[in-house]
Amino acid sequence: MGSEGASIQKELDPLGNAGRQFDEAASRLNLPAGLREVIKHPRRATIVSLPVQMDDGSFRVFTGYRVQHSIVRGPAKGGIRYHPDVTLEEVSALAAWMTWKCAVVNIPFGGGKGGVVCDPDKLSRGELERLTRRYAADLSDLFGPESDVPAPDVNTNAQIMAWIVDTYSMHERRTEYAVVTGKPLEVGGSAGRREATGRGLLFCVRGACAHLGIPLAGARVAVQGFGNVGSVSADLLARDGARIVAASDVTGAIEAPEGLDVPALIRWVEDHRGVLGFPGARPLSPPIVEHDCDILIPAALETQITRENADRIRAKIVAEGANGPTSPDADRILERRNVFVIPDILCNSGGVTVSYFEWVQNRMGYYWPEDEVNSRLERIMTQAFADVLAKSLEHRVNMRVAAFMVAIERVVKVIMLRGVYA
Ligand code: NAD
């Protein structure tokens, strides 16, 4: 690989990017010598081989990961991703982002993440269940309400969480709902959890619009990735009067300058497994992140905005629904071009915030109505946005650096109070 190829590869490396984001913020804080290394490295990374008997009687071995980045502020918290491209490095980056995310919204969790290398589209329901149960069983010593609490991420859902609850509960010989979040309502889930990440994004976008003096009513929005986060964000923003002018998913991209009918698009995607072909919309061939809009919501996978395309981003606000969609090189370009980026660890933290509410409700055995969940979420998100904006204005840094500074300070404060056990 030539040096240009190597540097592109580096830009697409989420673990390297998470480290660069951390370093940039940490270097602005006056941390005791060596402490930066203490909080940068994951506490524990586990790799498991998961044998599964397939429907045709054959056996296959899948690889699973669980990384606990930090448990300083509370149990490790973070989703489980099922994807053919999952790597230990990616999971490690996502685990670190969870530590900073939980600290930004000031909830009592550390950071973790899990992954299984698989293509769930090619597995039957039975195969998916057996794979999930084997993963949960092999990691049941790590998991627990007080130690490590997984949740859904890309290609995992409430059903998969229900299987994990059941597997863990069978091992513990008692039902334990608080071991995972993002569960179905009937299995200890929280009202409002499914919509929480998109709703948190809405509160951040409202904050950004108010700060920048951009009216949300009539603002043009493009959404990359029309899954849980993208579709709920689009729906809620449209209810606030925004116009969703483009949307995409793995099947392709569509545009409608007059605005998409979001509830109809959601029903279409349920029936047709993708946005493509939605009546009344035109197929969109240029990359959706470069679409002419006021607000861009990357809500698919990592490193979608890079130094290759950052100059062509036309949005005034980038609201990061996905984790790690913008590389550090792209961040610099966007900052120079005055694009206001609401960083992932703030913008998509509504999901983990309501996961925290779910865990609290499980432990109380008392469940809140949805309006109570939503108003508690609004209070936390509005405070977190205000904390990060204030830090950004005080130190004249962009919102990402400010969010990392807020988060690192909170983690460091706890480490200094608790001390390092020896
Ligand atoms: P999901 O599986 O429900 O949806 C992902 C969407 O992205 C799908 O529509 C898929 O078709 C689309 N997609 C995949 N590759 C694409 C590509 N190359 N171009 C365009 N679209 C593509 O997943 P989700 O839960 O919505 O998560 C999306 C992102 O948000 C991930 O980065 C995830 O880590 C992050 N996130 C999710 C939550 C949550 O509560 N679900 C919370 C925080 C962050």
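Numbering of ligands and ligand atoms starts at 1, following listing order.
In this structure, of Ala300, Gly230, Ser349, the residue bringing a heavy atom nearest to atom 32 (O) of ligand 1 is Ala300. Taking each of Val354, Asp344, Val229 in turn, the one with a heavy atom nearest to atom 27 (O) of ligand 1 proves to be Val229.
Between the side chains of Lys101 and Asn323, at least one donor N or O sits under 3.5 Å from an acceptor N or O. A donor-acceptor contact closer than 3.5 angstrom links the side chains of Arg133 and Thr167.
Protein heavy atom at the shortest distance from atom 18 (N) of ligand 1 is Gln304 OE1, 4.7 Å. Counting only heavy atoms of the protein, atom 12 (C) of ligand 1 lies nearest to Gly225 CA, 3.8 Å. Nearest protein heavy-atom contact of atom 3 (O) of ligand 1 is Asn228 N, 2.9 Å. Remark: minimum distance from atom 4 (O) of ligand 1 to any protein heavy atom is reached at Gly227 CA, 3.2 Å. From the protein, the heavy atom lying nearest to atom 2 (O) of ligand 1 is Asn155 N, 3.7 Å. In this structure, the protein non-hydrogen atom closest to atom 11 (O) of ligand 1 is Val250 N, 3.0 Å. Protein heavy atom in closest approach to atom 28 (C) of ligand 1: Ala299 O, 3.4 Å.
Checked against a 3.5 angstrom limit, the closest N/O atoms of Ser248 and ligand 1 fall outside it. The shortest N or O to N or O distance between Lys101 and ligand 1 is not below 3.5 Å.
Arg130 and Asp55 are joined by a salt bridge, as a carboxylate oxygen and a charged side-chain nitrogen come within less than 4.0 angstrom of each other. Between Asp329 and Arg20 there is a salt bridge, with a side-chain nitrogen of the basic residue lying less than 4.0 Å from a carboxylate oxygen of the acidic one. For Arg314 and Glu290, the salt-bridge test fails: no basic side-chain N is under 4.0 Å from an acidic carboxylate O.
Taking the six-membered ring for Trp and thresholds of 30 and 60 degrees, Phe385 and Phe340 have ring planes inclined between 30 and 60 degrees apart.
For Asp153, every heavy-atom contact with ligand 1 shorter than 4.0 Å involves the side chain, none the backbone. By the criterion of a heavy-atom distance under 4.0 Å, neither the backbone nor the side chain of Ala253 is placed next to ligand 1. Only the side chain of Arg193 comes within 4.0 Å of ligand 1, judged by heavy-atom distances. The part of Thr197 lying near ligand 1 is the side chain, judged by heavy-atom distances below 4.0 Å.
Within the 6.0 Å centre-distance limit, the rings of Trp100 and Phe22 are counted as a close aromatic pair.
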Worksheet entry | Audit row: Glu320, Asn348, side-chain contact (heavy atoms from CB on, under 4.5 Å) steps and yes/no | CA-CA 7 Å; Glu320 294 186 335; Asn348 68 33; 5.7 Å; no
Worksheet entry | Evaluation steps, salt bridge (Lys or Arg N to Asp or Glu O under 4.0 Å), between Glu378 and Arg199 | CA-CA 8 Å; Glu378 179 164 14; Arg199 193 175 297 280; over 6 Å; no
Practice prompt. Under the salt bridge (Lys or Arg N to Asp or Glu O under 4.0 Å) rule, what do Lys391 and Asp387 come out as? Steps first, then yes or no, please.
Written response: CA-CA 6 Å; Lys391 185 69 87 185; Asp387 291 346; over 6 Å; no
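When every heavy atom of Ala222 is checked against every heavy atom of Cys293, the shortest pair comes out as CB-SG, 3.9 Å.
Those atoms of ligand 1 with a heavy atom of Phe226 less than 4.0 angstrom away are 9 (O). Within ligand 1, the atoms closer than 4.0 Å to a non-hydrogen atom of Val154 are 31 (C), numbered from 1 in the order shown.
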